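Any value given below was found using the heavy atoms of this structure, including those in side chains, with hydrogens, waters and symmetry copies removed. Keep in mind that what you see is a predicted model, and the values were worked out from it rather than measured.
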Amino acid sequence: MSNFSTHETAWCPGCGNFQILDSLKKALEELGKDPYEVLMVAGIGQAAKLPQYISANSFCGLHGRSLPAAVAAKMANEKLTVIVNTGDGDSYGEGGNHFIHNIRRNVNITHFIHDNQIYGLTKGQASPTSMEGMVTDVQVNGNANSPLNPVLLAIACGAGFVARSFSGRKEHLISVMKQAIEYKGYAMIDILQPCVSFNKLNTFAYYNQRVYELEADYDSSNKLSAMEKAMEFGDKIPIGVLYREDKADFHQKNPVLKAGVPLIDIDKSPDMLKNIIKDFY
Amino acid sequence: MSNFSTHETAWCPGCGNFQILDSLKKALEELGKDPYEVLMVAGIGQAAKLPQYISANSFCGLHGRSLPAAVAAKMANEKLTVIVNTGDGDSYGEGGNHFIHNIRRNVNITHFIHDNQIYGLTKGQASPTSMEGMVTDVQVNGNANSPLNPVLLAIACGAGFVARSFSGRKEHLISVMKQAIEYKGYAMIDILQPCVSFNKLNTFAYYNQRVYELEADYDSSNKLSAMEKAMEFGDKIPIGVLYREDKADFHQKNPVLKAGVPLIDIDKSPDMLKNIIKDFY
Amino acid sequence: MAAVLQKFLKDSGLYVFTTRDFMSRVRGGHNFTLIRFGPEPVLSHSDIMDGIIAFDEDSLVLHSEKLKKDGFLLCDSQYKTEDDRAISLDMLSLAKQIGNARTIGSIATGVILKLFNLQLLNLEDTLRKHIKEQYLEENKKAILTGYNLVENRYTLPAHEAKSQIILSGNQALAFGAIAGGIRFYSAYPMSPSTTILEYLSSKSVDANIVVEQAEDEIAAINMAIGASFAGAPAMTGTSGGGFCLKVEALGLSGMAEIPLVVANIQRPGPATGLPTRTEQSDLKFVISASQGEFPRMVIALRNHSDAFYQTARAFYMAKKYQIPVIILSDQYLADSYASIEPYDMEKVKYIQDIHSKVEYNPLDGEYLRYKITEDGISPLLIPGKTKNFVTADSDEHTERGWITESADVRNQMMDKRFRKLIKLKEELQEPEYIGEDSFETLFLGWGSTYGPISEAVKCLNQESPGTYAALLFGDIYPLPEKLLKEKVSQAKQIINIEQNATGQLAELIREKTSIVCDDSLLKYDGRQISVDEIVSYIRKGVRP
Amino acid sequence: MAAVLQKFLKDSGLYVFTTRDFMSRVRGGHNFTLIRFGPEPVLSHSDIMDGIIAFDEDSLVLHSEKLKKDGFLLCDSQYKTEDDRAISLDMLSLAKQIGNARTIGSIATGVILKLFNLQLLNLEDTLRKHIKEQYLEENKKAILTGYNLVENRYTLPAHEAKSQIILSGNQALAFGAIAGGIRFYSAYPMSPSTTILEYLSSKSVDANIVVEQAEDEIAAINMAIGASFAGAPAMTGTSGGGFCLKVEALGLSGMAEIPLVVANIQRPGPATGLPTRTEQSDLKFVISASQGEFPRMVIALRNHSDAFYQTARAFYMAKKYQIPVIILSDQYLADSYASIEPYDMEKVKYIQDIHSKVEYNPLDGEYLRYKITEDGISPLLIPGKTKNFVTADSDEHTERGWITESADVRNQMMDKRFRKLIKLKEELQEPEYIGEDSFETLFLGWGSTYGPISEAVKCLNQESPGTYAALLFGDIYPLPEKLLKEKVSQAKQIINIEQNATGQLAELIREKTSIVCDDSLLKYDGRQISVDEIVSYIRKGVRP
Ligand SMILES: Cc1ncc(C[n+]2csc(CCOP(=O)(O)OP(=O)(O)O)c2C)c(N)n1
Ligand SMILES: Cc1ncc(C[n+]2csc(CCOP(=O)(O)OP(=O)(O)O)c2C)c(N)n1
Ligand code: SF4
Ligand code: SF4
Ligand SMILES: [Mg+2]
Ligand SMILES: [Mg+2]
């Protein structure tokens, strides 16, 4: 049994979340992570229940607010492997502002968005990624908003690791997850995830027919062509690492953290207070 | 004297906001707008004081929250010409989530962002568009975040009218403002605006040397090349309408509004309540 | 199946009250529905059951303790039970024969109806209302199958409630908003408020409402304020967590004097808490939410009748006083269904008045949006509808609505805004008094505990006539004090009964009147207090 | 120039208190600084002035009413005035001669120092502290020029305050946070809290603090909670409008029992209000902010000494009880500078204890993050620092920290969390009592009105000895009741003096104790009440 296993889940049978959970456990094991150094962070939603189903430290905060908590935990203790799992509504709707700005902050965490293109836990309203025209109990005349393209958005905001995958392609997902976790900086994977209970448009079959892996010669370092690829989301949906760029992360730029000692372990000078008070004389 | 004139301002002498205010009055006059049908909306900040200096209806709401109020006012009464003037901190920082989602909502309003790349009213902290490395009283070691590219972000979110201009180029600004106001849907102009008090990097001269008008043969309908142009922000900064696409706006898609009668003017059927209660028997 | 069953019951002339108990998950978990019905109006659920319909093994066991000695336990014969109250029937195989295992619910419905000797009135219509066309035939068959499967067991006295309506608390609230003139509703989904969003969406075309799902709760309330400023009566709804995000804009509504209705459908906190359960723990929060000070009104909904009338009235009060009005409901009321007297549309007609009055043209001379007036109410125009400029500013402002830093103007504006409360307090509705002229123990309650507490008073007084009474608050802030003081002066003992841990009503009452409760009955486990629990606390001192 | 002047004054052994009055704009508008100094400790500003230094025509006129008959009015000779108190000097042209018109401030500083016969102690050092190297020489010249321009006029008695420190309320708060062990601070700029962010940024390297400007206030508080969860003592600061946005996460801190310090530097509301002015109107708001119910503590800062010690203590209390602790300050305290006794670092040493204690390993067996304990405090470990999993959940949860819907567990957890208050209440600090053993009138106040009220008591008692006293609250929620009840039982009259419109302290006191104030002195025009205003209200019944 996996190091990362735990109790029963409350997801619907057939839900794509199961594959994501399995893949994540696999990825963590293959990377040889110690569960006690892993911190799973989530907001609120179906996807956000994932930390409850994996043996690791966990922080299940507020709906939409997982990223600020996650990056700050990493700032406090860089030895933690910080992984955020949460929904499309949580990440791009309620949490949209944190999404765009944490890309700019570039803290070394990993963000897995279970993108079922619907609000699952609240029983099926349109999410930011829902297709235009989708009918729900709230969008009775069809969703009027054009869907957000999260990977395009991430690239446009300057993210250094932007990927898409699909819960139904476990091998692919595990491989991309591992790359994302190992990437030094903010890494996001938008994971297509069928919601069998509420999303009758974007089903397993829907995704399965459309997804294809990026060509072997795909150049993930070219931002413009990455954006072009990112816009491909229709009859064909590319999966894989769309854009990747290595750059200094938050810790490397922060004067307190750049020495590499976790914040909570830095010894404070015993004379610190006495030195500071001198300013006020 | 202009129809839209009013009392004294509280801006610093030399501030770029004066040109923006002048240009806006000019644009409104040239479009022949009736001041009583114009609604100026703002958040809080230096830029956001603009509605106080123009004769029109005005709504100065909360910091970061101008867009939701503006689009809803338009939903309530489409006869209003709704114009938002507010800062980069307000629009992209505190209000970032409303920015990305109101692009998707595509309500027919105009959004002028006075982008001085700084928080002016609160006396000079880094804003989302501040350059990396900028030193302020808060960013004492230099701003560590990479700046947001608002025009690129807007295009990536699917905005139909995305432009950049500069307060120092009044003719250009007036012309782009007029196009934006006339565009049917959400239109944004990121207006470069020197802040003489706090931004010593991005001065009038800085912008003036760098900006150039888009070539006459520039094709603003190609999203990919628009994104490429949008990324140009360094020694040369293109100004003009970077991207433009005509598409259905919110009102055209909304079942209650599509008939073209302002919401507040629709007559409710006198039997409406009696008809609805039947459902409950 | 609950929807169909309750409709049959109502159509047979019975009063019905249905509550749902579900877990915060989409499938699985232990969920159940309680239906209480009878020839007399039913105001709440009860813990003591006459019958159980169990569709799984858990339900057989989990609730049997609460089943009356002579109750029945209807279940499929696949489940083994020793309980001699069980009625085991081959429902599942019959459903399969009909062609769809899921019709087992309709079979059970048929069984129940027959047990109580009720007729299958409007069979087709009822089914059509709740069941998709394609499943209609098979469910009809199933009901008839069930109906023919058993013999009649119980006889109910004659009853006359056929002309009642049946609806949930949130439907009643949403319908009340329509009666109140709503034209704009914006919200972000959040249990247990989402059904308001759903209901208003479904009526948006019929009732000419723009209904918009916002990107977050902050957007939702700022949208509502923008729409209201532009002349569309507006509401935003949420639960406590979402209300938190609306707190800043609540102050904007207060400062800029923009009419606004905010519905907070409470659930147990703090934070995410127990998302699908019930509590009344946001009273003090909403009373003082937002920085600074400004007049507001808070109305607690007590039942399905209030939900309609008071929501409609909230629009009236918001517009009349140009203030935010907060409606406090909770999951118990929101999700429960009750059969009640049809609403009287004449009673809400006065609301139209205030909407039309708003558009009057100001007196000659300059238009002063924030004119200092004696009653504190300034002329409210709609931008674009007049040759005056309409302004709103979240900063302190002059009569014209321009930003100011003058100490004098500040004082005048603060005083003007607060003066609105004088008139408002005069039209507050006193709490509902339940009981006889004389009594000894006075219960104090608010909101949805109305049902359990008022039933408890009746029940307790049957044994000890003239001993118990209750004051149940609907209008709760500003606190109506008149009747309270009157009844308190008569009481030997005061007990506040609340669905929270700190006794928030009692605290509010003490703050405003110095009245101190002698005892408290507080429940905060997420389950609504029942008449039985109140009665047994009073009789035996057992806390639930 | 105020910074330089106050430093000279302090170094001459005088006590200093400086307040700023500025408009919400970057340049222009009428802004001024009040410096009050003397040989005795100065606790607040005064409305009555001994001297005015006017740098523009407005200042000549606007304040002259408040200038003492024998006061002076220092101004440049370019401004014409009839006032015979004027000292007109050619300061501008002298400044221009020196080479920079802006050195006029330094010339005036020199003049003042000479008028009061003070020596130019540590001239260079003082200037270096506040003036950029490149302007040093010219300002030195300017001060000397001013000093030689006039004759000595006043003689101050001997004084001995040279070893005092001088700092602003926000600097004191921030320094207190450092003493409290802060390692993480996140905030979004907002007046009057921004200077905390600035100060901590400037000390981030020296004190090993990660200081992060967040994209909004919601991010700021959620970051602080995340950092605290991971073991870094954390604070977030803001003003009322930003506090609104933090309300939801405040509940998360309460629910997940994650230590957190939140500083709310109040300004007049509602909404944007008067952004650069002062008020105390968020007390009731922060006491009940967030849905649901959970223990919290609110500490009001009364002065520059409190600002340090109480902020440090807030970290201690937050960690010890695993709760959110809210610090209430206001613009008046935040932006004013005072010279006070240097802080005693020994007094804050106990705080280190609690930080180290946290990392203890749990007893044998399973680690239960939310173990039900007698005192309600459960073992807090730091994730990654132990071979136990550390959990946090915003849902109601079990002892292990997993989501639950059990009614029993819910009750146990609610009770456990609230039990923390028992011990906490035992270590509450009683309000500070100002006055003699016997008195007739008792003033009640809180926070930054400490200075004006306590000076008023002294001043009033000079005329009528033993008549006035005050209780000034620092710890304010939970409300410490002991001393209050004791003193109230002795009082003939109780008057609450507050910088708000509704008398929030009085309401809180009535809610908790049924004590009702006989009269209220409330001010809400954005300007701090002064000792003079209190005294003249008491003596003449004139409300400010
Ligand atoms: C402040 C706040 N608003 C709303 C909610 C209600 N809520 C819980 S989960 C959720 C959306 C879930 O959608 P998503 O994030 O896509 O996750 P999924 O359930 O689809 O995995 C919402 C709106 C909440 N818990 N808190
Ligand atoms: C909720 C809230 N947070 C913070 C503030 C303080 N604040 C006022 S304006 C402003 C930033 C202004 O920057 P920007 O939007 O770029 O406008 P500018 O002044 O530069 O024109 C801030 C942070 C506020 N008023 N409300
Ligand atoms: S509702 Fe959808 S997302 Fe949630 S568990 Fe069920 S299938 Fe999965
Ligand atoms: S601070 Fe900057 S943005 Fe504000 S008025 Fe002055 S120059 Fe303009
Ligand atoms: Mg989802
Ligand atoms: Mg700016």
Side-chain angles (χ1 to χ4, degrees), chain B residues 6-7 10 35-39 41 43-44 49 51-52 55-77 79-82 97-98 100-102 104-105 250 254-257 262-269 272-277 279-281, chain C residues 129 163-167 171-172 175 178-179 181 183-184 186 203-212 214-216 218-232 234 248-249 251-252 256 342-343 345 348 382-395 401-403:
Chain B
T6 169
H7 52 292
Y36 297 101
E37 293 208 339
V38 172
L39 172 61
V41 179
I44 294 292
K49 287 180 179 163
Q52 309 254 346
S55 287
N57 298 292
S58 68
F59 180 99
C60 294
L62 299 172
H63 180 58
R65 314 303 170 188
S66 52
L67 285 183
V71 298
K74 183 75 179 181
M75 293 175 191
N77 184 359
K79 287 213 177 130
L80 294 171
T81 297
V82 178
N97 208 32
H98 312 308
I100 60 181
H101 291 290
N102 277 301
R104 298 177 46 234
R105 203 168 263 132
F250 182 90
N254 186 282
V256 181
L257 302 176
L263 179 65
I264 58 172
D265 293 336
I266 301 176
D267 284 327
K268 297 208 181 195
S269 141
M272 191 240 313
L273 293 178
K274 282 185 198 138
N275 286 333
I276 292 178
I277 202 172
D279 301 344
F280 301 124
Y281 276 95
Chain C
K129 236 178 164 154
S163 61
Q164 305 268 311
I165 53 173
I166 185 161
L167 76 186
Q171 285 172 343
F175 185 32
I178 295 175
R183 287 194 190 255
F184 188 89
S186 46
K203 293 291 159 200
S204 69
V205 173
D206 293 346
N208 306 117
I209 315 165
V210 168
V211 178
E212 187 63 8
E215 57 272 25
D216 56 32
I218 304 174
I221 187 167
N222 281 283
M223 289 176 90
I225 290 173
S228 175
F229 172 76
E248 189 193 11
L252 170 59
Y343 302 125
M345 297 308 162
V348 292
I382 290 176
K385 287 281 177 192
T386 144
K387 288 279 166 197
N388 294 289
F389 294 128
V390 185
T391 53
D393 193 352
S394 68
D395 290 281
W402 299 119
I403 185 171

#### Entry: Separation between CG of B/Asn77 and CZ of C/Phe229, rounded to the nearest 0.5 Å
11.0 Å

### Summary
When every non-hydrogen atom of B/Leu80 is compared with those of C/Ala230, the smallest separation belongs to CD1-CB, 4.3 Å

### Summary
Separation between CD (C/Gln171) and CD1 (B/Ile276), nearest 0.5 Å, reads 12.0 Å

### Selection from B/Ala70, B/Ala56, B/Ser66, B/Pro262 maximising heavy-atom pairs under 4.5 Å formed with chain C
B/Ala56

### Query
Of the listed residues (B/Pro255, B/Gly64, B/Gly61, B/Ser269), which shares the most heavy-atom pairs with chain C below a 4.5 Å separation?
B/Gly61

#### Entry: Test side-chain contact (heavy atoms from CB on, under 4.5 Å) applied to C/Asp393 and B/Gln52, step by step
CA-CA 9 Å; C/Asp393 193 352; B/Gln52 309 254 346; 2.8 Å; yes

### Task
With a 4.5 angstrom heavy-atom cut-off, could you sort out which part of B/Arg105 is near chain C: side chain, backbone, both or neither?
side chain

### Message
Which atoms of B/Leu67 are under 4.5 Å from chain C, going by heavy atoms: the side chain, the backbone, both sets, or neither?
### Response
neither

### Summary
Here the pair of heavy atoms bringing C/Ile209 nearest to B/Val256 is O-CG2, 3.4 Å

### Task
Between chain B and each of C/Val390, C/Ile221, C/Val211, C/Leu167, count heavy-atom pairs under 4.5 Å; write down the option with the most.
C/Val390

### Task
Could you tell me which residues satisfy side chain to side chain donor-acceptor pair (under 3.5 Å) with C/Ser186, sequence neighbours excluded, listed by chain and number?
none

### Task
Would you mind checking which part of B/Leu273 comes under 4.5 Å of any heavy atom in chain C, side chain (CB onward), backbone (N, CA, C, O), both or neither?
both

### Query
If you round to the nearest 0.5 Å, how far is CG of B/Asn57 from OG1 of C/Thr386?
8.0 Å

### Task
Please flag which part of B/Ile266 lies under 4.5 Å from any non-hydrogen atom of chain C: side chain, backbone, both or neither.
both

## Note on the structure
dist C/Leu252:CG -> B/Phe59:CZ (nearest 0.5 Å) comes out at 5.0 Å

### Query
Looking at B/Tyr281 and C/Ser163, what are the two nearest heavy atoms and their distance?
CE2-O, 3.2 Å

### Query
Contact part of B/Lys268 toward chain C, heavy-atom cut-off under 4.5 Å: side chain, backbone, both or neither?
both

### Task
Please state whether the side chain, the backbone, both or neither of B/Asp267 comes within less than 4.5 Å of a heavy atom of chain C.
backbone

### Task
Pick one of side chain, backbone, both or neither for C/Ala256, based on which atoms fall under 4.5 Å of a heavy atom in chain B.
neither

### Query
At their closest point, which heavy atom of C/Phe389 faces which heavy atom of B/Pro35, and how far apart are they?
CE2-O, 3.5 Å

### Task
Would you indicate whether the side-chain heavy atoms of B/Ile264 and C/Lys385 approach each other to under 4.5 Å?
yes

### Message
If you count heavy-atom pairs within less than 4.5 Å of chain C, which of B/Ile100, B/Leu263, B/Val41 leads?
### Response
B/Leu263

### Message
Is C/Ala234 in contact with chain B via its backbone, its side chain, both, or neither, using a 4.5 Å heavy-atom distance?
### Response
neither

### Message
Before you tell me yes or no, could you show the steps for C/Ser394 and B/Ile44 under side-chain contact (heavy atoms from CB on, under 4.5 Å), namely the whole-Å CA-CA distance, both residues' side-chain angles and the distance that decides it to 0.1 Å?
### Response
CA-CA 9 Å; C/Ser394 68; B/Ile44 294 292; 3.5 Å; yes

### Task
Quick one: pull up CG in B/Leu257 and CG in C/Asn208 and give me the separation to the nearest 0.5 Å.
9.5 Å

### Message
Check for me whether the distance between the ring centres of C/Tyr343 and B/Phe280 falls short of 6.0 Å.
### Response
no

### Message
Let's go through C/Glu212 and B/Asn254 carefully: what are the C-alpha distance in whole Å and the side-chain angles of both, what is the deciding distance for side-chain hydrogen bond (donor to acceptor under 3.5 Å, both in side chains) to 0.1 Å, and is it a yes or a no?
### Response
CA-CA 10 Å; C/Glu212 187 63 8; B/Asn254 186 282; 5.3 Å; no

### Query
Can you name the closest pair of heavy atoms from B/Ala76 and C/Ala227 and give their distance?
CB-O, 3.8 Å

#### Entry: Check against side-chain contact (heavy atoms from CB on, under 4.5 Å), C/Met223 and B/Met75
CA-CA 10 Å; C/Met223 289 176 90; B/Met75 293 175 191; 3.7 Å; yes

### Query
Is the shortest heavy-atom distance from the side chain of B/Ile277 to the side chain of C/Met345 under 4.5 Å?
yes

### Query
With respect to chain B, which residue among C/Val348, C/Asp206, C/Ile225, C/Ile178 yields the maximal number of heavy-atom pairs within a distance under 4.5 Å?
C/Ile178

### Task
Sort out for me which of B/Val71, B/Asn102, B/Asp265 touches chain C most, counting heavy-atom pairs under 4.5 Å.
B/Asp265

